[in-house]
Amino acid sequence: MVGRLLEVRLPAMSGDYQYDVFLSYRRKWPALDWVQNHFYQRLEGLLGEALPHPPRIFMDTREIETGQEWPLVLQEALKSSRCIVTVWSAEYFRSPWCVAELKSMLKREQLLGYRTESHPDRRLVYPVLFSDGKLLPDYTQGILHRDLREWSIPDPVFAQSKKIIGFHKEMMKLTEELSKLILEAPPWQDNWPIDIPEVSSATTIPVPRLP
């Protein structure tokens, strides 16, 4: 990782979850702007209406301070999150860290026997589709997702358009389903599996900074 790192301060692990949701997305236009301009605000606000407590969402640009060792913080945040929301795009699957975040939670599902005959309706991965589904890798086939391509407009002016009403209704459905995943999350374990990408690939990703 380029540059001198400051002291690493990881989230305190108290034997329980620290976050309800880990938000996994590609920090590159257009998905980055869409998440920041439209998706995150409604995710947080509407999830707060669907849960009996204020939601705690891990989003790297809001939770990671400049100088922290990003990979370690991400690993601890993943381990202490009840579920993951992934924003799927072509660029998402080109990012080794995004793929690692997704596969980490899929491994947790496998450990728990989710998406099997024993627990066919239980899951911890909630994907939203930002761009063309034909670009998705084979291992994602069969994973239910919410298709938001119709509303994947990154520009701020989208919030003033008529289409924002349809987007809001879709987000209401999304957060209602997501709240069920959160409330039914399994008890926290300190040995949740973490998938770590190749170091050579990870070092090409910049350290995030607060907006």
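On a predicted model such as this, the values are computed, not experimentally measured, just so you know.
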Between Ser89 and Ser131 the two heavy atoms that sit nearest each other are CA-OG, 3.0 Å
Check your understanding: Which class fits the ring pair Trp151 and Phe167: parallel under 30°, tilted 30 to 60°, perpendicular over 60°?
Key -> tilted
- Item | Shared hydrophobic cluster for Trp29 and Tyr92 (ILVMFWY, side-chain gaps under 4.5 Å) | no
In terms of heavy-atom contacts, Pro127 and Val125 come closest through CD-O, 3.5 Å
The complete set of ring-ring contact (aromatic ring centres under 6.0 Å, His included) pairs with one or both residues in residues 127-149, sequence neighbours excluded, reads Trp34-Phe130
So OG of Ser81 and CD of Glu76: to nearest 0.5 Å the spacing works out to 10.5 Å
Check: Asn37 and Phe158 side chains under 4.5 Å, non-hydrogen atoms = no
Less than 4.5 Å apart, side chain to side chain, heavy atoms only: is that true for Tyr126 and Leu144?
no
Problem - Side chain proximity check, Phe39 to Leu174, heavy atoms < 4.5 angstrom - result: yes
| said: Any donor-acceptor pair under 3.5 Å linking the side-chain atoms of Glu101 with those of Ser24? | reply: yes
Residues passing the side chain to side chain donor-acceptor pair (under 3.5 Å) test with Tyr114, sequence neighbours excluded, are Arg122
Closest heavy-atom pair, Lys79 versus Asp190, reported as atoms and distance to 0.1 Å, is NZ-O, 3.0 Å
**OP:** Decide yes or no on side-chain contact (heavy atoms from CB on, under 4.5 Å) for Val85 and Leu178, but give the supporting numbers first.
**Re:** CA-CA 9 Å; Val85 171; Leu178 187 59; 3.7 Å; yes
The salt bridge (charged side-chain N to carboxylate O under 4.0 Å, His left out) partners of Asp132 (sequence neighbours excluded) come to Lys134, Arg149
Output for pair (Tyr25 OH, Cys98 SG), nearest 0.5 Å, gives 9.0 Å
Under a 3.5 Å cutoff, is there a donor and acceptor pairing between the side chains of Trp97 and Ser95?
no
Residues passing the salt bridge (charged side-chain N to carboxylate O under 4.0 Å, His left out) test with Arg82, sequence neighbours excluded, are Asp20
Salt bridge (Lys or Arg N to Asp or Glu O under 4.0 Å) pairs touching residues 150-166, sequence neighbours excluded, are none
Between His38 and Pro154 the two heavy atoms that sit nearest each other are NE2-O, 3.6 Å
Salt-bridge present (Arg27, Asp60; N to O < 4.0 Å)
yes
Under a 4.5 Å cut-off applied to non-hydrogen side-chain atoms, are Leu106 and Leu124 in contact?
-> no
Across all chains, not counting sequence neighbours, the side chain to side chain contact (heavy atoms under 4.5 Å, CB included) partners of Gln110 are none
Distance col, row Leu47:CG vs Thr175:OG1, nearest 0.5 angstrom, shows 6.0 Å
Discussion item. In the structure I gave you, are the side-chain heavy atoms of Ile57 and Tyr40 within less than 4.5 Å of one another anywhere?
Written reply: yes
Residue set satisfying side chain to side chain contact (heavy atoms under 4.5 Å, CB included) with Thr116, at least two apart, ordered chain then number -> Ser118
side-chain contact (heavy atoms from CB on, under 4.5 Å), that's the test. Do Phe58 and Leu78 meet it? Break it down for me. CA-CA 9 Å; Phe58 180 88; Leu78 268 171; over 6 Å; no
**Asked** Any side-chain heavy atom of Thr86 within less than 4.5 Å of one from Val128?
**Response** no
Distance col, row Leu51:CG vs Lys180:NZ, nearest 0.5 angstrom, shows 14.0 Å
Across all chains, not counting sequence neighbours, the side chain to side chain contact (heavy atoms under 4.5 Å, CB included) partners of Asp195 are Ala100, Lys103, Ser104, Lys107
CG (Leu72) and CD1 (Ile194) are apart, to the nearest 0.5 Å, by 11.0 Å
What's the verdict on side-chain contact (heavy atoms from CB on, under 4.5 Å) for Gln36 and Leu32, showing C-alpha distance, side-chain angles and the deciding distance?
CA-CA 6 Å; Gln36 293 183 333; Leu32 170 63; 3.6 Å; yes
Glu91 meets the side chain to side chain donor-acceptor pair (under 3.5 Å) criterion, sequence neighbours left out, with Lys28, Arg94
dist Ser80:OG -> Asp16:CG (nearest 0.5 Å) comes out at 9.5 Å
- request: Check whether any side-chain heavy atom of Glu44 sits under 4.5 Å from a side-chain heavy atom of Arg56, and report yes or no.
  value: no
For Lys173, the salt bridge (charged side-chain N to carboxylate O under 4.0 Å, His left out) test, sequence neighbours excluded, returns Glu170
Report task. With side-chain contact (heavy atoms from CB on, under 4.5 Å) as the test, would you mind laying out the steps for Gln189 and Arg108 before giving the verdict? Result -> CA-CA 10 Å; Gln189 296 182 30; Arg108 188 187 302 186; over 6 Å; no
For Gln41, the side chain to side chain contact (heavy atoms under 4.5 Å, CB included) test, sequence neighbours excluded, returns none
Sorted by chain and residue number, the salt bridge (charged side-chain N to carboxylate O under 4.0 Å, His left out) partners of Arg115 (sequence neighbours excluded) come out as Glu109
Worksheet item: Does any non-hydrogen side-chain atom of Phe93 lie less than 4.5 Å from one of Leu136?
Response: yes
